[in-house]
Protein chains: 2
Amino acid sequence: MIKTSDEKYLRAIYQVSTSEKIDKTTISELAYYLDLKPPTVLERLKILKAEKLITYTKTNGIALTKTGYKEALNVIRKHRVWETFLVKVCKFGWNEVHELAEQLQNINSEKLIDRIFTLSGEPKFDPHGDPIPDKAGVLPTSQRRPLLNSVSGCKCLVLGVNEDSAEFLNYLTELKIGLNDKLYVEKIFSFDGSVKIKYKNTYSAVLSSKVAEQILITCTKAGCGCKNK
Amino acid sequence: MIKTSDEKYLRAIYQVSTSEKIDKTTISELAYYLDLKPPTVLERLKILKAEKLITYTKTNGIALTKTGYKEALNVIRKHRVWETFLVKVCKFGWNEVHELAEQLQNINSEKLIDRIFTLSGEPKFDPHGDPIPDKAGVLPTSQRRPLLNSVSGCKCLVLGVNEDSAEFLNYLTELKIGLNDKLYVEKIFSFDGSVKIKYKNTYSAVLSSKVAEQILITCTKAGCGCKNK
DNA sequence: TAAATTAATTAGGTACACCTAATTTTGTGT
DNA sequence: ACACAAAATTAGGTGTACCTAATTAATTTA
Ligand SMILES: [Mn+2]
Ligand SMILES: [Mn+2]
Ligand SMILES: [Mn+2]
Ligand SMILES: [Mn+2]
């Protein structure tokens with residue numbers, strides 16, 4: 001049986017290893033993500049390895065085994081289903097749910113998750129646009145890419161964010177940018193890569209490249225020539 | 001700040017000390033209720049005492065202080081609100097929710113409990129008929145007493161049960177006895193105190209005194225002479 | 001009231017999830 | 001190739017929540 005503590009690590013390993021900017025999943029990356037010290041993480045990894053949930057070699061770093069991946073996706077499912085429930089049913093803001101979902105994700109009842117999932121309208125994506133795996137561990141697909149790689153004149157739809165942090169989401173909320181909003185890319189400043197956008201008729205903003213990198217969009221203008229990925 | 005572990009003990013102390021059949025709340029009673037050994041409980045009680053959440057003297061046993069009582073009722077509230085949500089909104093059976101609510105009761109978010117409470121229809125009583133304290137810690141009242149103390153000819157309404165255990169609730173469910181059902185007391189066998197009831201037009205059953213003791217009812221027949229309490 | 005029983009307490013563990021400091025291994029730049 | 005920096009590992013803690021076995025105190029019961 002997989003323990004609460006295992007779940008935390010498996011989710012972290014999944015998140016770190018699917019993150020764009022990290023090539024190899026190392027102990028120090030994991031420790032940073034989990035806000036723990038490397039020896040603590042190493043100790044637990046040895047157990048996960050013994051449980052055959054991960055493999056770990058110096059050359060390839062940390063990777064999930066088939067079983068480990070299955071378990072990781074199950075935790076991801078629980079986390080994202082709870083987040084969706086909190087936003088859709090309980091009317092929380094998308095910036096308020098991540099930490100709470102981290103508590104709720106280790107409640108141990110498949111039946112409960114099923115009911116919460118139904119109550120939330122059987123969602124395919126969570127409030128941050130992240131795909132929710134089905135019970136078999138299959139992720140729905142969507143072609144999303146960072147707003148950063150757009151060209152001026154592009155018309156986009158916001159499909160998600162790369163960051164869950166309340167800090168970042170608060171910022172977007174302040175700018176009145178949310179999931180499924182339409183953005184018009186007015187200009188890209190090649191100097192620093194910042195992006196000027198217009199949206200919701202009256203709003204406009206200049207987003208730093210750091211912010212534009214975190215906003216995931218899909219281009220809705222046919223053949224606009226924006227570089228995908 | 002009150003910890004998860006404190007909450008568990010405070011709820012237990014409340015439950016044991018309000019239980020009819022236990023006169024003094026002792027370490028061994030608590031240990032039995034919590035399924036722990038006495039030294040473990042004693043150790044924790046020392047901390048709770050230092051935190052001024054309980055008082056403990058050999059003569060009076062364990063008692064909650066004002067603060068401790070406040071906290072205990074808050075956990076009780078969370079537990080019972082979750083149970084109600086699980087039954088009313090998630091369509092669980094009343095026999096399936098206690099253990100799950102024990103996990104959920106330590107989720108730390110007042111806002112979440114408020115939303116769950118609203119979604120459940122702002123209930124005053126949980127699925128077992130137990131009163132849900134309001135946010136100020138005030139319990140709604142209802143005059144309930146064991147079915148055991150009835151007289152033949154009595155007409156009763158089931159308002160609750162003394163036992164949460166799945167085992168007991170399964171038994172009642174099998175007999176088709178549930179909350180708010182009307183029972184007609186046909187006969188009391190003075191030999192062993194068992195109670196013959198008729199209900200739902202077609203059903204009838206003989207309940208042992210042990211069972212009748214756990215079913216809480218209110219008498220709906222005026223002046224039927226049944227001994228209250 | 002003395003003996004027997006039961007409850008409370010003390011003493012001294014284990015397992016787990018974390019830590020710091022020290023050492024060893026690995027990777028990089030010149 | 002060598003020196004330096006970064007990452008991994010080892011060694012040896014801490015605090016918390018539990019345990020058993022032994023002792024002491026309090027209650028019953030004879
Ligand atoms: Mn999240
Ligand atoms: Mn999310
Ligand atoms: Mn309960
Ligand atoms: Mn209940």
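Hydrogens, waters and symmetry mates play no part in the numbers below; they use all other heavy atoms, side chains included. Reminder, nothing fancy here: chain letters follow the sequence lines and each chain counts from 1.
Remark: Thr57(A) engages Thr59(A), Asn60(A) in a side chain to side chain contact (heavy atoms under 4.5 Å, CB included) (not counting sequence neighbours).
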Using atom types as modelled, flag every donor-acceptor pair under 3.5 Å from a side chain in residues 43-55 of chain B to any protein atom, sequence neighbours excluded.
from     : atom 1 : to       : atom 2 : distance (Å)
Arg44(B) : NH1    : Ser5(B)  : OG     : 3.2
Arg44(B) : NH1    : Asp6(B)  : OD1    : 3.0
Lys49(B) : NZ     : Tyr56(B) : O      : 3.2

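When distances run from any side-chain atom of Lys3(B) to the nucleotides dC18(C), dT10(C), dA17(D), the shortest one goes to dA17(D).
With rounding to whole Å, Leu30(A) atom CG is found 13 Å from dC18(C) atom P. For Leu42(B) and dT9(C), the CG to P distance is 5 Å, given to the nearest whole Å. Between the P atom of dA8(C) and the CD atom of Glu29(B) lies a distance of 9 Å, rounded to the nearest Å. Spacing between atom OH of Tyr32(A) and atom P of dA8(D) amounts to 16 Å, rounded to whole angstrom units.
A cation-pi contact, defined as under 6.0 Å to the ring centre and within 45° of the axis, is absent between Lys196(B) and Phe189(B).
For residues 97-144 of chain A, the pairs satisfying ring pair (Phe, Tyr, Trp, His ring centres under 6.0 Å) are His79(A)-His98(A), with sequence neighbours left out.
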note = Reading nucleotides 19-24 of chain D from 5' to 3' and marking B where a protein heavy atom lies under 4.0 Å of the base, S where only the sugar-phosphate is that close, and - otherwise, the string is BBB---
remark   = A correct 5'-to-3' footprint of nucleotides 2-7 of chain D, with B, S and - meaning base, sugar-phosphate only and no protein heavy atom under 4.0 Å, is -----S
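Here Lys24(A) lies out of heavy-atom contact (under 4.0 Å) with every strand.
By the 4.0 Å N-to-carboxylate-O rule, Lys78(B) lies close enough to Glu7(B) to be salt-bridged with it.
The number of heavy-atom neighbours closer than 6.0 Å to NZ of Lys88(B), taken from other residues, nucleotides and ligands shown, is above 12.
Side-chain N or O atoms of Glu29(A) include none that pairs as donor or acceptor with a backbone N or O of Thr26(A) at under 3.5 Å. Remark: side-chain polar atoms of Arg115(A) are paired, donor with acceptor, to backbone N or O of Lys91(B) under 3.5 angstrom. No donor-acceptor distance shorter than 3.5 angstrom exists from the side chain of Arg80(B) to the backbone of Ile132(B), with no hydrogens or angles considered. In terms of modelled atom types and a separation under 3.5 Å, the side chain of Trp82(B) and the main chain of Leu104(B) share a donor-acceptor contact.
For the contact set between residues 44-64 of chain A and DNA chain C, defined by any heavy atom under 4.0 Å, the members are Arg44(A), Lys58(A).
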message = As a quick check of understanding, evaluate side-chain contact (heavy atoms from CB on, under 4.5 Å) for Leu207(B) and Leu175(B), giving each step before the final call.
response = CA-CA 10 Å; Leu207(B) 305 174; Leu175(B) 291 176; 3.6 Å; yes
